[in-house]
Structure formats: C-alpha cells, structure tokens
Amino acid sequence: QVQLVESGGGLVQAGDSLRLSCAASGSTFSSSAMGWFRQAPGKEREFVAAITGSGARTYYATSVKGRFTISRDNAKNTVYLQMNSLKPDDTAIYHCAARPGALLLTNIGTYPYWGQGTLVTVSS
C-alpha cells in the first residue's frame, strides 16, 4: 500500500508561484511513476504532469508546459510540483498519484494510489 499526502496549496494572485509537495509512505516509492492531476470546480479531473521513478523523464499537459515543473526526491519519498506564472484557470484541487512501473501515463485509471488533494486558488 502507498499513502500520499499533499501540501502547499493556497490562495495566490495571477502571476505568482507556488510549490506543491506530496509525501509518500511505503518502500516502493523510487520504483513508482508519480503524477499530478487537478480537478477544477464543475470539471473532470485532468492530467497535469508525471515523472518516472528515477526522475529522468517527465511529461506535461500542454496547458502547463513551460510553467510547471515536476520533480522528486527519492531520499525523502517526496514529489514536487513547482508552479510558476499561475493563472486563474489553474484554480483546482491538485492531487498526486502513484503507479508501479516506469511508464508515464496520463490516464487517471492507471494510477491505483491517490492523495486527498490540496486546493490552489488563483485570483485575477
């Protein structure tokens, strides 16, 4: 079992930056791909970014590419999402997710482990 706990959300203004963290329990963290997803009010949950277990490869949604950076520290069992140049459209609950293996996948159903999420609100 893997337990995930997100932190770092908050209320910011457009153009600001924010860094989210996701702390994972369990011994399989370094062999798991990690993803960040978000769900805006009234919308479906969508893929944001993913990273392989080693951190060597990353993948981003088009809407955040160039503004967001996913990274991980396997010694701390933590994955991060650095969000720059935030926009009101980035307002959502951000969830981290884990899946065994090396594939970087965007499909929600391929991630068996999820955190409860952290709320990010970007005001204009």
Side-chain angles (χ1 to χ4, degrees):
Q1 280 286 359
V2 176
Q3 292 185 328
L4 305 172
V5 180
E6 302 94 336
S7 62
L11 172 63
V12 297
Q13 294 186 333
D16 285 351
S17 298
L18 206 58
R19 189 177 82 156
L20 305 182
S21 300
C22 172
S25 66
S27 60
T28 60
F29 180 76
S30 62
S31 62
S32 297
M34 299 294 295
W36 283 98
F37 294 77
R38 66 186 182 185
Q39 187 164 15
K43 295 186 177 181
E44 294 186 352
R45 193 171 297 187
E46 64 176 6
F47 169 79
V48 175
I51 188 168
T52 53
S54 67
R57 292 187 294 123
T58 57
Y59 186 72
Y60 297 92
T62 301
S63 60
V64 306
K65 196 170 186 179
R67 298 189 298 123
F68 290 11
T69 302
I70 188 172
S71 62
R72 65 191 296 161
D73 184 339
N74 286 344
K76 296 181 178 179
N77 272 23
T78 302
V79 63
Y80 305 97
L81 186 68
Q82 177 67 44
M83 304 185 295
N84 299 329
S85 302
L86 282 162
K87 306 174 182 179
D89 284 349
D90 295 319
T91 294
I93 297 174
Y94 284 72
H95 299 266
C96 69
R99 65 175 309 279
L103 295 178
L104 294 180
L105 300 178
T106 64
N107 191 305
I108 292 172
T110 62
Y111 289 79
Y113 305 108
W114 290 83
Q116 291 298 310
T118 185
L119 177 62
V120 173
T121 304
V122 184
S123 63
S124 57

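In what follows, residues are counted from 1 in the order of the sequence shown. Note: hydrogens, waters and symmetry copies are ignored here, and every other heavy atom, side chains too, is used.
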*Please step through side chain to side chain contact (heavy atoms under 4.5 Å, CB included) for the pair E44 and I108, ending with a clear verdict.*
CA-CA 11 Å; E44 294 186 352; I108 292 172; over 6 Å; no

Starting at [atom1] of [X], measure out to [atom2] of [Y] and round the result to the nearest 0.5 Å.
X   : Y    : atom1 : atom2 : value
S31 : R99  : OG    : CZ    : 11.0 Å
S25 : L4   : OG    : CG    : 7.0 Å
M34 : I51  : CE    : CD1   : 9.5 Å
Y60 : L104 : OH    : CG    : 10.5 Å
D90 : T121 : CG    : OG1   : 11.0 Å
C96 : I70  : SG    : CD1   : 9.0 Å

*V79, L20: one ILVMFWY side-chain cluster at the under-4.5 Å cut-off?*
yes

*Are M83 and V122 co-members of a hydrophobic cluster defined by side-chain heavy atoms under 4.5 Å apart?*
yes

*Around E46, counting heavy atoms of other residues, nucleotides and ligands shown, do more than 12 lie under 6.0 Å from its CD?*
yes

*Does R19 make a cation-pi contact with Y80, if we ask for NZ or CZ under 6.0 Å from the ring centre and within 45° of the axis?*
yes

_Is the terminal nitrogen or CZ of R72 (NZ for Lys, CZ for Arg) located under 6.0 angstrom from the six-membered ring centre of F29 and within 45° of that ring's axis?_
yes

*Between the main-chain N or O of A102 and the side-chain N or O of R57, is there a donor-acceptor pair closer than 3.5 Å?*
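Checking the backbone N and O of A102 against the side chain of R57, a donor-acceptor pair under 3.5 Å is found.
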
_Please check: side-chain N/O of N77 versus main-chain N/O of G26, any donor-acceptor pairing under 3.5 Å?_
yes

Is any side-chain heavy atom of [X] less than 4.5 Å from a side-chain heavy atom of [Y]?
X   : Y   : value
L86 : F68 : yes
W36 : E6  : yes
R38 : S63 : yes

*Among all residues two or more places apart in sequence or in another chain, which pass the side chain to side chain contact (heavy atoms under 4.5 Å, CB included) test with T106?*
F47, Y59

Between [X] and [Y], what is the shortest heavy-atom contact and its length?
X    : Y    : value
L103 : A33  : O-CB, 3.6 Å
T91  : A40  : O-CB, 3.6 Å
A14  : S124 : CB-CA, 4.4 Å
T28  : S32  : O-OG, 2.9 Å

Report, one line per pair, each donor and acceptor closer than 3.5 Å where one atom sits in a side chain of residues 111-120; sequence neighbours left out.
{"unit_1": "Y111", "atom_1": "OH", "unit_2": "L105", "atom_2": "O", "d": "2.6"}
{"unit_1": "W114", "atom_1": "NE1", "unit_2": "Y111", "atom_2": "O", "d": "2.7"}
{"unit_1": "T118", "atom_1": "OG1", "unit_2": "G9", "atom_2": "N", "d": "3.1"}

